[in-house]
Number of protein chains: 2
Amino acid sequence: MSPSTPGTAAVAASQTRPTPDGEGASRFQQSALAQEVAFLTARSRSRGNALANQMLVDLDLKVRHYAVLAMACSGTNPSQRELGSFLDLDPSQVVALVDALEHRELIRRAPDPRDRRSKILIATDSGHDLYTRASERTRAAERQLLTALTPQEQDELRRLLAKIVF
Amino acid sequence: MSPSTPGTAAVAASQTRPTPDGEGASRFQQSALAQEVAFLTARSRSRGNALANQMLVDLDLKVRHYAVLAMACSGTNPSQRELGSFLDLDPSQVVALVDALEHRELIRRAPDPRDRRSKILIATDSGHDLYTRASERTRAAERQLLTALTPQEQDELRRLLAKIVF
DNA sequence: TTGATAATATTGAAAAAGTCAATCGTTTGC
DNA sequence: GCAAACGATTGACTTTTTCAATATTATCAA
């Protein structure tokens, strides 16, 4: 996933990272592009994704699977359609992801009593177990992603992002 | 690129959007996943990307091309390798993107006087022209993405993202 | 200087992710 | 009751991502 990451664990290189960028904190920080929030969010999500994926490898999960599992564990009983629109996934991608998790018996498709067309996603017991462990990993990844921010700043960031995204 | 966007301009559906989510502001906002900044940044970048791509279609640019063009216009004379690490792109992707833009004579590869292995990216005159127009579009897209935030909040968001990403 | 090692751009292949149209069963609104 | 719309599914296809291999150039130590 990066020039490092040989093949061992995943917790790997967490420290000794003077700057997240490959270059010396990047002489490009002042460029116009670097001021665009579209660019900044893209870079953030790229970093966050890579970090979280590393953390999840030994649970055999990727963040996209994790996201589905998380929603199945949320108690909100989302239908596949709802899940797709929440996660910005095409219905066909949802099918593939749900298939994968269902084959591993982490979640199951339950009939929607309101509408026989739709299927509701619910985590199994082992799904909940795995989610518990996985969410610890993603929490760790988040901690790492946000080390540069104070706790107040972290909250503020969450607030602002939520505001533009919901 | 989306169910809307017939073929006319690009300014299209900017208003009449009670909530950015498909659902009624989403009953999933309270879920644990929705609190993770990895999720929030993913959603932001997804939204921002879609928005910017719409805006750029009639310039025949995607945000990824736009990003390369922007850097070639920045005056920083990035090498391909630098560009790749700045934009989180694999070297082979850089080659493809640069090829595409160079064929359109928007940028060119110049020899790096310091290192004959590397090639420096510089925009042509028409590259600069296109960038000028394109950046207006992405500015508009950003405005739209951030409507929910006050100007101060927008600045704060930029500051926080920059802090975690550089 | 030479020779080993690493770095840059490039190619090509393959896997993953994203997009789209068509279909089946079901629901909704007329 | 019917037509139109909707949710899940399938399959095809494009785009994006990831990786390994290579040629040329740099770097560095002997």
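Of the possible polar contacts, one joining the B:R43 side chain to the A:F86 backbone as a donor-acceptor pair under 3.5 Å is found. A distance-only check finds a donor-acceptor pair linking the side chain of B:E102 to the backbone of B:R109 [under 3.5 Å].
Rounded to whole Å, the distance from CG on B:L121 to P on C:dT8 is 14 Å. We find that CG of B:L87 is positioned 14 Å from P of D:dT16, with the value rounded to whole Å. Here C:dT10 presents its C1' atom at 13 Å from CD of B:E102, a figure rounded to the nearest Å. Distance CG (B:D99) to C1' (D:dT15): 16 Å, rounded to an integer number of Å. Atom pair A:K62:NZ and C:dG18:C1' shows a separation of 14 Å (rounding to whole Å applied). Atom CG in A:L89 sits roughly 10 Å away from atom P in C:dT19 (whole-Å rounding). In this structure, A:R45 places its CZ atom 10 Å from P of C:dA17, rounding to the nearest Å. At whole-Å resolution of the value, CG in A:D90 and C1' in D:dA8 are 11 Å apart.
Summary of helix geometry: the two end axes of the helix from C:dT1-D:dA30 to C:dC30-D:dG1, each defined by five base pairs via their C1' atoms, are inclined to each other by 40° (rounded to 10°).
Considering every non-hydrogen atom in both A:A140 and A:M55, the closest pair reads CB-CE, 3.6 Å. Among all heavy-atom pairs drawn from A:L33 and B:L87, the shortest one is CD2-CD2, 3.8 Å.
Ion pairing of A:D88 with B:R47 is present here, as a side-chain N (NZ or NE/NH1/NH2) and a carboxylate O approach within less than 4.0 Å. Ion pair A:R114/A:D112 not flagged as a salt bridge, since none of the NZ, NE, NH1 or NH2 atoms sits closer than 4.0 Å to an Asp/Glu carboxylate oxygen. Look at A:R139 and A:E136 and you find no salt bridge, because none of the NZ, NE, NH1 or NH2 atoms lies under 4.0 Å from a carboxylate O.
Looking at heavy-atom distances under 4.0 Å, A:Q93 makes contact with a base. Residue B:S92 is classed as a base contact, given a heavy-atom separation below 4.0 Å to a base.
B:R64 has a side-chain polar atom (N or O) that falls below the 4.0 Å cut-off from OP1 or OP2 of D:dT16. Distances shorter than 4.0 Å separate some side-chain N or O of A:R109 from OP1 or OP2 on D:dT9.
Proximity of B:V98 to B:K119: side-chain heavy atoms (C-beta onward) are nowhere separated by under 4.5 Å.
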Practice item. Check the pair B:L121, B:L101 against side-chain contact (heavy atoms from CB on, under 4.5 Å), reporting the backbone distance first and the verdict last. Key: CA-CA 10 Å; B:L121 303 177; B:L101 295 175; over 6 Å; no
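Both B:K119 and A:H65 lie close to DNA chain C; mapped to their nearest nucleotides by heavy-atom distance, the more 5′-ward contact belongs to B:K119.
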Practice item. Scan nucleotides 23-30 of chain C nucleotide by nucleotide, 5' to 3', and note B when protein non-hydrogen atoms come under 4.0 Å of the base, S if they reach only the sugar-phosphate, - if neither. Key: --BBS---
